[in-house]
Amino acid sequence: MTRATGDFLEKIMSGKRSEIARLAEPGARRRIEEALSRAPRVRSFPAALAAGSGLRIIAEVKRASPSRGRLVEHYDPAARARDYEAGGAAALSVLTDAEHFEGELAHLEAARSQTAIPVLRKDFILDASQIDESRGAGADAILLIVAALPRTAVVDLLGKARGLGMEALVEVHDEEELRQALEAGARLIGVNNRNLRTFEVDLEISVRLAALFPTGILKVSESGITSRADMKRLADAGYDAFLIGESLARSSDPGAALREWTR
């Protein structure tokens, strides 16, 4: 597995472009179209984050990370998804990148088939073909990382996702990226406290950007959240939901941890 050294974002792009080229092959395109024709009805990701009371968590289903290596040895994404839903997760995020996170699209399909809550495909989405592939696998939302995309691509890919009935969690890390996301028409924005170029984590990034959001935007804080106290502080700053991965992945009883945090 690639470790988080140098510019991780640049390292991952070449691999993703190769994947995208394979999706354009006639056989792959035919399989995507067939999957789209039988895709399940979309579950509203934004509605799940806006509904109910308490702290709303997007629980991440992942086996490994570039910075920490393998997190879960006996990995069963369907069982983990069931545990997260039972623990009170508002939605799921499933890592599907193979090279850096040991993920695959089948993990998303398995997780979604066992739950009734919406599922985000968390990957490095650069092309419309990946969005078709995501919807065909049952994804209800996708991740768009502003730092990984040209400005016009954010607009185009956001429009593509919405055309299929999905929403995009548009991820930013600083003031300029937040401005770009808002200009692109994003209504669901995640602030990643992790710098994807250095992998340094700082919750103060979410705190600092919170005041810059206009009304009407669903705000998600991502990465580095390790306790209910972290979430309470960020909720007080204005965040609607929290994406949590490593803390849950490393827990011996992730369902119990979620119940404690979402109470």
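As the structure is a computational prediction, the values presented were derived from the model and not from experiment.
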**OP:** Please identify each residue that fulfils side chain to side chain contact (heavy atoms under 4.5 Å, CB included) with D240, with sequence neighbours left out.
**Re:** R56, L218, K219
**OP:** Decide, yes or no, whether a salt bridge links R162 with E167 under the criterion of side-chain N to carboxylate O below 4.0 Å.
**Re:** yes
Original post:
Going by an N to O cut-off under 4.0 Å, is there a salt bridge joining K62 and E104?
Top reply: no
**OP:** Output yes when E33 and R30 qualify as a salt bridge under the 4.0 Å nitrogen-oxygen rule, no when they do not.
**Re:** no
Hey, can you pull the donor-acceptor pairs under 3.5 Å for the side chains in residues 201-212, sequence neighbours left out?
from	atom 1	to	atom 2	distance (Å)
D202	OD1	E204	N	2.9
E204	OE1	R233	NH2	3.3
E204	OE2	R233	NH1	3.0
E204	OE2	R233	NH2	2.6
S206	OG	N193	OD1	2.7
S206	OG	S221	OG	2.7
R208	NE	E175	OE2	2.6
R208	NH2	E175	OE1	3.4

Subject >> D123 (side chain) donor-acceptor with D97 (main chain) under 3.5 angstrom >> reply: yes
Original post:
Is a salt bridge present between R179 and E183, judged by a nitrogen-to-oxygen distance below 4.0 Å?
Top reply: yes
Original post:
Is there a donor-acceptor pair under 3.5 Å between the side chain of Q130 and the backbone N or O of L126?
Top reply: yes
Subject >> Salt bridge K160-D132, side-chain N to carboxylate O under 4.0 Å >> reply: yes
Subject >> Smallest separation among heavy atoms of A28 and R22, with atom names >> reply: CB-O, 3.3 Å
Subject >> Closest non-hydrogen atom pair between L188 and L49, with its separation >> reply: CD1-CD1, 3.8 Å
Original post:
So, does E260 use its side chain to make a donor-acceptor pair with the main chain of A257 at under 3.5 Å?
Top reply: no
Subject >> Side-chain touch I20/S129, heavy atoms, less than 4.5 angstrom >> reply: yes
Original post:
So, does R135 use its side chain to make a donor-acceptor pair with the main chain of I131 at under 3.5 Å?
Top reply: no
Original post:
Is the shortest distance from a Lys or Arg side-chain nitrogen in D236 or K232 to a carboxylate oxygen in the other one below 4.0 Å?
Top reply: yes
Subject >> Heavy-atom side-chain contact between P254 and R80 under 4.5 Å >> reply: yes
**OP:** Go through L120 and V94 one step at a time and tell me if the side-chain contact (heavy atoms from CB on, under 4.5 Å) criterion holds.
**Re:** CA-CA 6 Å; L120 168 84; V94 181; over 6 Å; no
Original post:
Which pair of heavy atoms, one from M231 and one from W261, lies closest together, and at what distance?
Top reply: CE-CB, 3.4 Å
**OP:** Tell me, with the steps shown, if T115 and R43 meet side-chain contact (heavy atoms from CB on, under 4.5 Å).
**Re:** CA-CA 11 Å; T115 61; R43 300 166 183 166; 3.9 Å; yes
Original post:
Between the side chains of E200 and N195, does any donor sit under 3.5 Å from an acceptor?
Top reply: no
Original post:
Can you tell if the side chain of L243 reaches within under 4.5 Å of the side chain of E60, non-hydrogen atoms only?
Top reply: yes
Original post:
Salt-bridged, E102 to R70, with N to O below 4.0 Å?
Top reply: yes
Original post:
What are the two closest non-hydrogen atoms of L169 and G190, and how far apart are they?
Top reply: CD1-N, 3.5 Å
Original post:
If every non-hydrogen atom of H107 is compared with every non-hydrogen atom of L95, which pair is closest and at what distance?
Top reply: ND1-O, 4.4 Å
Original post:
Is it true that D140 and R121 make a salt bridge, defined as a side-chain N closer than 4.0 Å to a carboxylate O?
Top reply: no
Original post:
Is the distance between the ring centroids of F124 and H100 under 6.0 Å?
Top reply: no
**OP:** Measure across A90 and A48 and return the closest heavy-atom pair with its distance rounded to 0.1 Å.
**Re:** O-CB, 3.5 Å
Original post:
Would R228 and L55 count as a side-chain contact (heavy atoms from CB on, under 4.5 Å) if you check the C-alpha gap in whole Å, the side-chain angles of each, and the deciding distance to 0.1 Å?
Top reply: CA-CA 9 Å; R228 180 178 171 83; L55 298 171; 3.4 Å; yes
